[in-house]
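A quick note: this is a predicted structure, and the numbers were derived from the prediction, not measured. Count residues from 1 along the sequence. Counting starts at 1 for both ligands and their atoms, following the listed order.
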Amino acid sequence: MKNNNFCDLNGKICVITGGGGAIGSSLAHFLAEAGLKLAILDLNGKRAIEVAEEISEKTESSVLGIETNVLDKQSLISAKNTIHEKLGKVSYLINAAGGNSPKGTTELEFLETLSDESIEKSFYGLAPEGFKNVYELNFSGTLLPSMIFTRDMLEMGGGAVINFSSMSAYHPLTRVSAYSAAKAAVSNFTEWLAVHLAKQNVRVNAVAPGFFVGEQNRFLLYDKDTGELSPRGKKIIQNTPMGRFGDYEEIHGTILYLLSDLAKFVTGVIIPIDGGFNAYSGV
Ligand code: NAD
């Protein structure tokens, strides 16, 4: 294959949900530099607009920041109308809105004793609402934007979707039960939609980042009083053969590859970006 330096992406329109977040905003900066026009969608509209403005100051790319709720079909349709009016039809969708919450997380890793306190801190103390919210954000927050934005790709004869899965989708991590269930569903849905849309030349893939420190998981990885690694943070580093957390920039290359024509026969895959965590048995 001829090396075209990713020019097939030049001038095409890419939607990034959760584009105001840590990974989404870092990706937005990178993809604008690669020549894509961007629509940055986030529930935090102020942040989406700020990211769009930061990018516009640095690059020639057209960038919009739009307050959007990925769990609300009307909000997504309204964002799509604005994108059509100001940029055009969407070729690529990156579903980066998602995350965990303490409300979908047990305090205990294992239920070892049956005291009232232990029961409360275990699975039995989880509020179903907390579980549901985390599940919905990650799963429905991927499903609904895919439903709305891939319609443009059908009309244009092709496109690509990239979802965000997690290490928790392969083997559930302790404590984060709602998040694990949701990300397993995201991986499964990625494969399902890849098959469903294959004949329309719409590719659907996912990345499964390992451990990158952000607001959603800082409370699990660091002790908030001392700033030292938490016991869980230490365990993760011990189980990551590369021996460190990832930098957000280390996600960029895989995304660029999956969007581009270099991956034009690649669909339905979930690529770990994890310093070897998923491959390591711990021994
Ligand atoms: P983040 O919390 O920094 O960003 C998520 C963004 O989504 C935020 O800007 C938030 O405002 C937005 N958002 C939340 N609810 C929304 C809604 N209903 N509608 C629209 N936007 C909404 O998280 P991040 O670290 O950038 O993670 C991005 C994705 O990568 C998530 O799906 C996350 O689960 C996944 N991931 C992250 C890591 C990591 O280590 N950071 C690891 C594996 C997977």
Close N or O approach ([X], ligand 1; < 3.5 Å):
| X | value |
| --- | --- |
| Leu43 | yes |
| Asn95 | no |
| Phe212 | yes |
| Val70 | yes |
| Phe211 | no |
| Ala22 | yes |

>> Do the side chains of Glu155 and Lys89 get close enough for a salt bridge, i.e. N-O under 4.0 angstrom?
In response: yes
>> Between the side chains of Glu109 and Lys121, is the shortest nitrogen-to-carboxylate-oxygen separation below 4.0 Å, so that they form an ion pair?
In response: no
Determine whether any heavy atom of [X] lies closer than 4.0 Å to an atom of ligand 1.
| X | value |
| --- | --- |
| Ser75 | no |
| Tyr179 | yes |
| Thr17 | no |
| Ser165 | yes |
| Lys183 | yes |

Could you list the atoms of ligand 1 found under 4.0 angstrom from a heavy atom of [X]?
| X | value |
| --- | --- |
| Leu137 | 15 (N), 16 (C), 18 (N) |
| Asn69 | 17 (C), 18 (N), 19 (N) |
| Thr68 | 19 (N), 20 (C) |
| Pro209 | 42 (C), 43 (C), 44 (C) |

> Once you round to the nearest 0.5 Å, how far does CE of Met167 lie from CD1 of Ile273?
Replying inline: 8.5 Å
>> Within a 6.0 Å radius of atom CG on Asn81, are there more than 12 heavy atoms belonging to other residues, nucleotides or ligands?
In response: yes
> Is the count of non-hydrogen atoms from other residues, nucleotides or ligands lying under 6.0 Å from Glu117 atom CD greater than 12?
Replying inline: no
> Would you find a donor on one side and an acceptor on the other, under 3.5 Å apart, between the side chain of Asn163 and the backbone of Val186?
Replying inline: no
Out of [options], who gets a non-hydrogen atom closest to [atom]?
| atom | options | value |
| --- | --- | --- |
| atom 5 (C) of ligand 1 | Gly99, Gly98, Pro272, Gly24 | Gly98 |
| atom 29 (C) of ligand 1 | Ser26, Gly21, Ala96, Gly20 | Ala96 |
| atom 42 (C) of ligand 1 | Gly210, Ala48, Gly246, Ser166 | Gly210 |

>> Using the side-chain hydrogen bond (donor to acceptor under 3.5 Å, both in side chains) criterion, which residues pair with Asp42? Sequence neighbours excluded.
In response: none
> With sequence neighbours left out, which residue pairs that include part of residues 58-83 fulfil the salt bridge (charged side-chain N to carboxylate O under 4.0 Å, His left out) condition?
Replying inline: Lys80-Asp152
Taking atom types as modelled, is there a side-chain donor on [X] or [Y] under 3.5 Å from an acceptor on the other?
| X | Y | result |
| --- | --- | --- |
| Thr190 | Ser187 | no |
| Thr106 | Ser122 | no |
| Asn138 | Lys183 | yes |

